[in-house]
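Read through the structure below, which is laid out as structure tokens, and then see the notes.
Worth knowing before you read on, the calculation uses all heavy atoms, side chains too, and leaves out hydrogens, waters and symmetry mates. As the structure lists them, so they are numbered: ligands from 1, and atoms in each ligand from 1. Along the sequence shown, the residues carry numbers beginning at 1. Values in this document were obtained by computation on a predicted structure and should not be read as measured data.
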Amino acid sequence: MRTTVCATAVALAAALLSGVSAISKVTRAGRYLYTADGNRFYIKGVAYQEQGAVVASASNPFLEPNSFIDPLADGTSCARDLPYLQQLGVNTIRVYSVNSSLNHDSCMQALSGAGIYTIIDLSLPLNGSMDRNAPSWSTNLLDLYLGTINAFSKYDNVLAYNVGNEVVIAANGTAAASYIKAAARDVKTYLTSISSSALVGYAAIDADSSWRQPLANFLSCDISGANSGATAIDLYGLNNYEWCGASTFQASYSGVESDFASYNIPAYFSEFGCITSPPRLFTEVGALLSSQMSPVWSGGIAFSYFPATSAQGQFGMVTISTDGKTVTTSSDFTNLQTQYGNATPPNTPTQSGAGSTVYPVCPVQSADLLASTTLPPTPNDAACSCLESSLSCQFTPQTTNTTAIVGTLLDTACSLLGQSGGNCNAIAGNGTSGVYGPVSMCDPNTKLSFVMSEYYEANNRNAQACSFAGNGTVNSHAPSTVSAANSAASSCLTNPSATFTPSAPATTGGSGSGGSSSGTHSSGAVPIFNDARSLIGLTVAVVFSVVGGILTVA
Ligand SMILES: *[C@@H]1O[C@H](CO)[C@@H](O)[C@H](O)[C@H]1NC(C)=O
Ligand SMILES: *[C@@H]1O[C@H](CO)[C@@H](O)[C@H](O)[C@H]1NC(C)=O
Ligand SMILES: *[C@@H]1O[C@H](CO)[C@@H](O)[C@H](O)[C@H]1NC(C)=O
Ligand SMILES: *[C@@H]1O[C@H](CO)[C@@H](O)[C@H](O)[C@H]1NC(C)=O
Ligand SMILES: *[C@@H]1O[C@H](CO)[C@@H](O)[C@H](O)[C@H]1NC(C)=O
Ligand SMILES: *[C@@H]1O[C@H](CO)[C@@H](O)[C@H](O)[C@H]1NC(C)=O
């Protein structure tokens, strides 16, 4: 007896120590997800992020937050919420913004122990995300993304990293897909280099299928002609709010089911949960997690655990007491719990039956898909810092919040340079023509120093031409002649269109910053999409003036 008890205790301890009880690794086969035991994996998820501060203004029509609260950095809150997540029956949470310099051990380990995976968006509000009006895949964003991956790569329960959320919101913005694909490419090679099996995802806004489908197909297509997934996302998310109230598969989902019938990679609803008729019944779960939709979809993420305000109402399913200690659930919570509890999606096809993923050729460019298959290069930190140090006039801001001024200064500098016979082509990129200036991969501050230097040189190094109202400083270490400066700059940028496996930034966070922030409005979107965007735009920011300046000069 005694020996048996001891042996059992030892075996149990050994099992815990050796990680036998660890959360199962989820991998992809064909267009589906599987756990290590070969069972099909369906995401039964909930969005888990408190809404950041929203500053309503004419330039922010979608109420996109400009700050965030990292939900995985506060162990006490996670411990408070974990029993509720378990009660809800979720196996995944989606988190929109995290801060790589904070410690996430407590939350991530607690979630892992409870069998809950995370889908982590890599972008941040304001200058931490791709600007949908002036997209760029630049060193500051790459460094931000890799810094976040570094902070999370030690956890076993990261299912996927999203490289963007609703970056494209209209057909005329689809050129940004070239940049999204470049981000997916570089994040994928980085993950491979650190032996991470986390998937790379993108969360798309729902929209008219005329451009929603070409965009989805472009993000998952092969450019090389060799059935390669090198530039393809691994996991497609659709933020879909079509099912409202007591709807039916036929009324709400049959269209999206057939539109994606032959899609090549795993897909899920990265958000769902309409609010036009509260309380929410969440009967869509019965359709999504059924054999009707399992041929295409691998589950979804209900929006949202925490309260989230929109123009139309509240999306939350719990409220937290003002002292932060008590959770009160609503009938939305109970309804979702019931639906997740009842869902029994089929365990088919088998993993071997799912085969390997096929990567079709990319859809042709059209008015509904402006993106070129010539993608932007891998942002090169070493090249950009080499360039910055050799430039004759440098951006030396007096404020730490350069986000507020860099856009305006780029406008000014490009406009002045234009008047002096130059242009800003070197810092500009065009996702439609596939032409990317050699400095377009650099962070906004380096771009600004570059343009300031061009102007300064164009004015024969007149000190006044490097002032920019006190934002510029002459670099005494720069090569002493214009031609020497040019050759130094070009020696930094010997191969500006190269793609390579990026390495992690020395410190977390970007070196540069984006421009001024303003809202973007898409035309023709149905109201529910506006509504969804107002909540989720957590990760989408805009830096309009940057290209505003570039274009006026061109
Ligand atoms: C991350 O947290 C650190 C430490 O609290 C803070 O200084 C920094 O501003 C935060 N970064 C972001 C992007 O919020
Ligand atoms: C797309 O069109 C809308 C309205 O027609 C406009 O406001 C927006 O700036 C355009 N976006 C781009 C990226 O051209
Ligand atoms: C920086 O400036 C932007 C744009 O004006 C503003 O939205 C943001 O809150 C500022 N950030 C800080 C930390 O002050
Ligand atoms: C980008 O290139 C396309 C195709 O060459 C051109 O039509 C478009 O005007 C360019 N866009 C910008 C913003 O320069
Ligand atoms: C720098 O540029 C900004 C934006 O144009 C301007 O507001 C500011 O006065 C300039 N000078 C300094 C010292 O910040
Ligand atoms: C955003 O701007 C802040 C300064 O305001 C800077 O510290 C940070 O690195 C920038 N982030 C990115 C990703 O550019």
Side-chain angles (χ1 to χ4, degrees), residues 49-60 62-75 95-105 107 120-131 134-152 161 163-165 167 179 183 186-187 379 381 384-385 388 395-411 427 440-449 471 502 504-520 537-546:
Q49 183 121 25
E50 275 187 81
Q51 197 170 28
V54 174
V55 180
S57 75
S59 66
N60 187 16
F62 301 137
L63 304 178
E64 290 177 347
N66 67 358
S67 66
F68 68 95
I69 302 157
D70 182 339
L72 299 177
D74 178 356
V95 170
Y96 294 83
S97 307
V98 294
N99 181 336
S100 61
S101 62
L102 302 178
N103 186 307
H104 303 94
D105 288 353
C107 290
I120 295 175
D121 285 53
L122 295 172
S123 50
L124 294 181
L126 297 176
N127 64 335
S129 49
M130 238 175 244
D131 171 12
S136 173
W137 176 230
S138 44
T139 52
N140 55 315
L141 278 185
L142 174 73
D143 291 350
L144 171 71
Y145 284 18
L146 299 194
T148 298
I149 290 170
N150 280 354
F152 283 85
Y161 295 106
V163 294
N165 177 61
V167 176
Y179 296 89
D186 295 338
V187 167
D381 277 313
C384 294
S385 54
E388 170 76 28
F395 174 40
T396 49
Q398 306 292 307
T399 166
T400 52
N401 190 1
T402 52
T403 305
I405 59 167
V406 74
T408 315
L409 284 166
L410 272 166
D411 276 350
I427 64 163
S440 63
M441 59 155 166
C442 296
D443 63 277
N445 289 7
T446 302
K447 284 179 175 141
L448 180 54
S449 290
N471 286 289
T507 53
T508 54
S511 54
S513 72
S516 60
S517 144
S518 65
T520 354
L538 284 160
T539 54
V540 180
V542 270
V543 195
F544 185 68
S545 48
V546 175

Indicate yes or no for a side-chain donor-acceptor contact from Asp70 to the backbone of Leu72 under 3.5 Å, with no hydrogens or angles considered. yes
So, for atom 14 (O) of ligand 1, does the protein have a heavy atom nearer than 4.0 Å? yes
For the pair Ser129 (side chain) and Leu124 (backbone), establish whether a donor and an acceptor sit closer than 3.5 Å, ignoring hydrogens and angles. yes
May I ask you to list the atoms of ligand 3 that are less than 4.0 angstrom from any heavy atom of Leu126? 7 (O), 8 (C)
Could you tell me, atom by atom, which parts of ligand 1 come under 4.0 Å of a heavy atom of Asn99? 1 (C), 2 (O), 3 (C), 8 (C), 10 (C), 11 (N), 12 (C), 14 (O)
Would you mind running through ligand 1 and noting each atom that sits below 4.0 Å from a heavy atom of Phe68? 14 (O)
May I ask you to identify, for Thr400, whether its side chain, its backbone, both or neither come under 4.0 Å of ligand 6 on a heavy-atom basis? backbone
Matching residue for Thr403 among Ile405, Thr399, Val406, Asn401 - test: side chain to side chain contact (heavy atoms under 4.5 Å, CB included): Asn401
Quick one: does Pro135's side chain get under 4.5 Å of Val167's, heavy atoms only? no
Any nitrogen or oxygen of Asn401, side chain or backbone, less than 3.5 Å from one on ligand 3? yes
Strictly distance-based, threshold 3.5 Å: is any side-chain N or O of Gln49 a donor or acceptor partner for the main-chain N or O of Tyr96? yes
Numbering as shown, the atoms of ligand 1 that approach Ser101 to under 4.0 Å (heavy-atom distance): 1 (C), 2 (O), 3 (C)
May I ask whether atom 11 (N) of ligand 1 is less than 4.0 Å from at least one protein heavy atom? yes
Between Pro379 and Asp186, is there a side-chain heavy-atom distance shorter than 4.5 Å? yes
Could you check whether any side-chain N or O of Tyr161 sits under 3.5 Å from a backbone N or O of Leu122, counting only pairs where one atom can act as donor and the other as acceptor? no
Using a 4.0 Å heavy-atom threshold (strictly under), name the region of Leu102 that reaches ligand 1: side chain, backbone, both or neither. side chain
